[in-house]
> 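First the structure, which I've put down as structure tokens, then a few questions once you've had a look.
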4 protein chains.
Amino acid sequence: MNKNSKLIPSMIKDQRLIEQRRQQIIEGAVRLFVQKGFHKSTTREIARECGLSIGTMYEYIQTKEDVLYLVCDHIHSELEQRLQESVSDDDTGIETLRKSLKQLFKVMGEMRTSVLLIYQETKSLPKDKMAYVLSKEEEITAIFERILEKGMNDGTIRIDPSSVKLMAHNIMVMGQMWTFRHWALGRHYDLDEYTERQMAFLLGEFTSGGNRDGNGNLST
Amino acid sequence: MNKNSKLIPSMIKDQRLIEQRRQQIIEGAVRLFVQKGFHKSTTREIARECGLSIGTMYEYIQTKEDVLYLVCDHIHSELEQRLQESVSDDDTGIETLRKSLKQLFKVMGEMRTSVLLIYQETKSLPKDKMAYVLSKEEEITAIFERILEKGMNDGTIRIDPSSVKLMAHNIMVMGQMWTFRHWALGRHYDLDEYTERQMAFLLGEFTSGGNRDGNGNLST
Amino acid sequence: MNKNSKLIPSMIKDQRLIEQRRQQIIEGAVRLFVQKGFHKSTTREIARECGLSIGTMYEYIQTKEDVLYLVCDHIHSELEQRLQESVSDDDTGIETLRKSLKQLFKVMGEMRTSVLLIYQETKSLPKDKMAYVLSKEEEITAIFERILEKGMNDGTIRIDPSSVKLMAHNIMVMGQMWTFRHWALGRHYDLDEYTERQMAFLLGEFTSGGNRDGNGNLST
Amino acid sequence: MNKNSKLIPSMIKDQRLIEQRRQQIIEGAVRLFVQKGFHKSTTREIARECGLSIGTMYEYIQTKEDVLYLVCDHIHSELEQRLQESVSDDDTGIETLRKSLKQLFKVMGEMRTSVLLIYQETKSLPKDKMAYVLSKEEEITAIFERILEKGMNDGTIRIDPSSVKLMAHNIMVMGQMWTFRHWALGRHYDLDEYTERQMAFLLGEFTSGGNRDGNGNLST
DNA sequence: CATGAATGAGCGTTCATTCAT
DNA sequence: TATGAATGAACGCTCATTCAT
């Protein structure tokens with residue numbers, strides 16, 4: 001992608017090759033980082049896992065942190081794409097929400113370890129790259145904001161407008177929770193149970209109104 | 001504390017001194033880790049920040065990771081204690097919940113950077129220490145489990161019994177969210193708004209019943 | 001050599017280069033260890049003496065102890081080879097013994113400081129490496145066992161069969177003695193005198209019979 | 001002993017106490033050094049093993065190497081004394097030799113690990129202390145020189161006068177051999193066999209004459 | 001384009017020794 | 001005399017990065 005070409009200069013001219021090699025790097029690095037974490041993985045190990053020589057790898061990146069950025073960006077992209085897939089213009093707001101939530105939990109189940117990875121290692125990114133990754137996180141969150149707004153517009157979702165952003169974040173966090181609290185949640189719930197319960201929790205809020213006061217009472 | 005004395009042996013005999021120096025280490029390390037993170041802080045920097053020589057610091061710990069454990073354990077302890085403070089036997093379940101949630105968000109506001117720290121660095125702990133820290137995290141979560149159960153027993157909270165654990169985790173995560181999503185949330189909400197909205201969200205669930213199906217509809 | 005490649009892994013792929021650099025390391029290390037001993041030599045000093053950077057040196061070894069092993073093994077190999085050279089199938093047993101003893105003392109004279117080195121530092125080797133070095137020491141000793149047996153078979157050497165092993169060890173020790181007692185012996189004897197006297201001592205035993213009892217009397 | 005008091009100054013005035021504490025240090029240190037060697041034993045460990053605090057220990061020594069010296073000197077003294085015990089003016093030369101050799105091997109059997117210790121660690125002593133220890137080694141060797149001379153004078157031992165020193169060293173080395181080659185010798189001989197064979201070897205030489213030429217032939 | 005040997009600053013950790021109490 | 005907490009120079013070793021081939 002062009003943005004990466006700008007954020008991460010390469011010594012190589014052939015854009016095709018860059019794309020291909022970076023894909024290799026991402027795949028190897030994800031495998032390794034999921035196992036050992038970013039800090040405990042050496043550049044040599046990353047290169048070996050990618051099937052590249054260390055010298056060749058460095059033709060396509062500038063620093064080890066670039067690898068982490070590539071990885072985070074890739075996972076985010078996959079996440080975004082798969083969430084976007086579940087959104088259809090033909091559905092009502094609540095219907096879209098229902099489908100996208102299902103998809104969210106499904107995807108979090110399937111990408112559990114890699115989502116956990118970006119969750120834990122984003123902070124190791126250099127300032128500029130981190131800002132980029134966080135902005136992507138916000139974009140993904142915005143998918144849910146738009147769904148909520150759609151539901152508000154078509155009357156299928158009731159929610160205080162100023163809470164839309166927050167609820168979108170809540171949704172995202174409930175998805176990620178499955179990855180970063182799996183050590184505890186996984187002992188008590190399987191993904192289906194988790195999905196059903198969290199959806200009930202969220203959808204209850206959106207259908208009952210979200211017009212409650214701080215005490216949980218419906219405002220009149 | 002005795003547990004630390006067992007988990008982290010010291011060369012020093014005087015228990016008082018160990019307690020005092022470790023407190024020094026924790027304070028210095030928190031300051032530094034919040035600024036630079038665990039991995040980018042060197043042992044020499046930690047020692048300097050604590051006002052100890054590197055040699056002296058190592059009389060009170062065994063490895064750099066021990067410092068991280070000390071820090072995590074300390075923050076957890078403070079967290080637990082402050083949450084526990086807000087729990088009174090005299091209140092009804094829902095009342096206790098309301099107070100403890102208020103306290104949760106208040107504490108997360110005040111300890112934001114240090115809670116974020118343990119949140120991000122726990123994974124860098126060695127296996128045995130990490131297990132210990134996670135078990136503490138579960139203990140804290142259990143505070144909310146007990147509150148929810150109390151409310152169920154006195155009829156002030158309605159919730160599916162099998163969802164108690166999950167909701168306790170949801171509560172904890174909503175608290176921590178303020179620290180790890182503050183980069184986004186902080187631009188749109190202040191802590192009071194955040195508190196009020198999240199409490200409304202949670203208390204709505206608990207008072208309306210939690211007897212909804214996966215579509216958010218109240219079961220009949 | 002293959003055995004070293006297995007005992008001491010290297011990060012470098014080119015076997016030629018490994019051989020060459022390890023030779024460099026051995027030469028520098030012997031020079032240094034002879035001067036200062038193993039413990040007082042730092043890895044940086046070793047590297048400097050070898051003409052390598054510390055990083056480069058560590059591409060060819062894993063630990064400082066590996067250097068010691070390389071050194072011990074090299075000296076042993078040279079020792080073994082030079083002793084083996086003096087053994088010819090065409091000579092009688094006693095003749096072979098005479099020649100090999102001469103060679104032994106000659107070599108001990110020429111390799112005095114380096115033999116002293118392995119003699120003093122072998123004990124600093126890690127368990128597995130030490131076992132290997134000691135087994136090599138036994139192999140070298142076995143050279144003399146075989147010579148004695150040859151002489152027994154062709155009737156030129158008389159010795160109690162059960163003393164063969166011991167006498168082989170005695171021979172080896174008389175060789176090494178020149179290195180580790182040189183501080184005293186060297187003040188009274190030169191190498192030629194030492195050689196002649198020790199040979200007379202040993203050969204006297206082997207020609208007169210070795211059939212004496214514990215009192216030194218010839219058994220009848 | 002006075003010599004130690006001069007070689008190793010102490011902060012303490014009371015000579016009795018010095019003697020006693022140093023005995024403590026020697027006993028603890030020998031135990032430790034035999035197990036782990038000098039270099040791998042820390043001063044803290046030595047102090048603990050002696051039942052002294054590190055501070056107290058340092059009141060009676062100046063450096064860690066002093067401990068090694070104390071140990072070497074002590075073992076040497078015991079060795080010397082026990083050898084001296086076996087020498088009686090009433091016996092003939094050959095008789096004295098026979099008894100002292102028996103005692104030598106007996107003592108080497110009993111003090112095997114500690115003799116090995118001084119044998120391996122003497123080289124780690126600082127120059128001046130090492131010279132002192134080596135001079136002690138020579139003194140002990142001189143015991144055998146005197147025995148051999150006695151036998152030459154009373155006609156019970158035949159040996160080339162210029163070989164006396166060498167044979168005394170040979171005797172000493174045959175004694176020490178039991179300690180530093182025990183890893184190999186011990187698999188084939190027990191101490192009694194070793195003693196008998198080595199005595200036969202030595203006594204054969206001394207009774208047959210030692211008047212052989214470099215080829216082992218008796219000179220006419 | 002690809003390679004991998006070379007580099008050295010910098011890391012975590014140790015431990016002989018001191019000295020205030 | 002006895003103590004043990006404090007010290008910091010120095011150690012062995014790592015690893016991201018470079019660059020000659």
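Sequence lines set the chain letters: A, B, ... in the order given, protein chains first and strands last, and positions in each chain run from 1.
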> Using a 4.0 Å heavy-atom cut-off, does C:Ile54 contact any base of the nucleic acid, only the sugar-phosphate backbone, or nothing at all?
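It contacts base atoms.
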> Mind checking C:Thr42 for me? I need base, sugar-phosphate or nothing, with any heavy atom below 4.0 Å counting as a touch.
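Here C:Thr42 touches the backbone only, sparing every base.
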> With the threshold set at 4.0 Å, does a side-chain nitrogen-carboxylate oxygen contact exist between B:Glu121 and A:Lys123?
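A salt bridge links B:Glu121 with A:Lys123.
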> Just by distance, no angles: are the side chains of A:Lys136 and A:Ser77 close enough, under 3.5 Å, to form a donor-acceptor pair?
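On atom types as modelled, these side chains qualify, holding a pair under 3.5 Å.
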> Would you please confirm or rule out a distance under 4.0 Å between OP1 or OP2 of E:dA2 and any side-chain N or O of A:Arg21?
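Checking A:Arg21 against E:dA2: at least one side-chain N or O falls below 4.0 Å of OP1 or OP2.
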> Could you tell me the Watson-Crick or G-U partner of E:dT21, where both distances fall under 3.5 Å? Say none if there is no partner.
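Across all strands, the one nucleotide that pairs with E:dT21 is F:dA2.
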> From the options E:dG12, E:dA16, E:dT7, select the nucleotide whose nearest atom is closest to the side chain of B:Tyr58.
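The answer is E:dG12, which lies nearest to the side chain.
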> Tell me the interatomic distance from D:Met57, atom CE, to E:dA16, atom P, rounded to whole angstroms.
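Result: 8 Å.
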> For B:Glu65 and B:Leu125, which heavy atoms make the closest approach, and how far apart are they?
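Here B:Glu65 and B:Leu125 meet closest at O-CD1, 3.9 Å.
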> Round to the nearest Å and state the distance from B:Lys40 atom NZ to E:dG12 atom P.
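For the pair B:Lys40 NZ and E:dG12 P, the rounded distance is 14 Å.
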> Let me spell it out: for each of B:Lys13 and C:Glu65, pick the nucleotide of DNA chain F with the closest heavy atom. Which residue's pick is nearer the 5' end?
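With B:Lys13 and C:Glu65 compared, the 5'-side residue is B:Lys13.
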> Report the C-alpha distance between C:Lys64 and C:Thr42 in whole Å, list the side-chain angles of each, state the deciding distance to 0.1 Å, and finish with yes or no for side chain to side chain donor-acceptor pair (under 3.5 Å).
CA-CA 9 Å; C:Lys64 190 190 171 194; C:Thr42 68; over 6 Å; no
> So A:Thr56, base contact, sugar-phosphate only, or nothing? Heavy-atom distance under 4.0 Å.
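Result for A:Thr56 = base.
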> Which comes earlier along DNA chain E counting from the 5' end, the contact point of B:Arg44 or that of C:Leu17, where each point is its nearest nucleotide?
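The residue whose closest nucleotide sits nearer the 5' end is C:Leu17.
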> By nearest heavy atom, map C:Gly55 and C:Met11 onto DNA chain E; which one lands nearer the 5' end?
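Counting from the 5' end, the first nearest nucleotide belongs to C:Met11.
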> B:Ile61 has an atom CD1; how far is it from atom C1' of E:dT13, in whole Å?
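Result: 10 Å.
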> Do C:Leu17 and C:Tyr60 make a side-chain contact, defined as non-hydrogen atoms from C-beta onward lying under 4.5 Å apart?
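Touching, per the 4.5 Å side-chain cut-off.
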> Calculate the interatomic distance between D:Lys36 atom NZ and E:dT14 atom P; express it in whole Å.
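Rounding to the nearest Å, NZ of D:Lys36 and P of E:dT14 are 12 Å apart.
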> Measure across A:Ile18 and A:Ile12 and return the closest heavy-atom pair with its distance rounded to 0.1 Å.
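Answer, listing the atom of A:Ile18 first, then A:Ile12: CD1-O, 3.3 Å.
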> To the nearest angstrom, how far is C:Leu52 atom CG from E:dG8 atom C1'?
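Rounded to the whole Å, the gap is 13 Å.
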> Check every nucleotide of DNA chain F for an atom under 4.0 Å from a heavy-atom of chain D, then give the first and the last such nucleotide from 5' to 3'.
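Counting from the 5' end, contacts occupy F:dT1 to F:dA5.
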> Checking base pairs now: Watson-Crick or wobble, both atom distances under 3.5 Å. What partners E:dT13?
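Across all strands, the one nucleotide that pairs with E:dT13 is F:dA10.
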> Can C:Lys36 and C:Glu45 be counted as an ion pair, charged N to O under 4.0 angstrom?
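Yes, charged N to carboxylate O under 4.0 Å.
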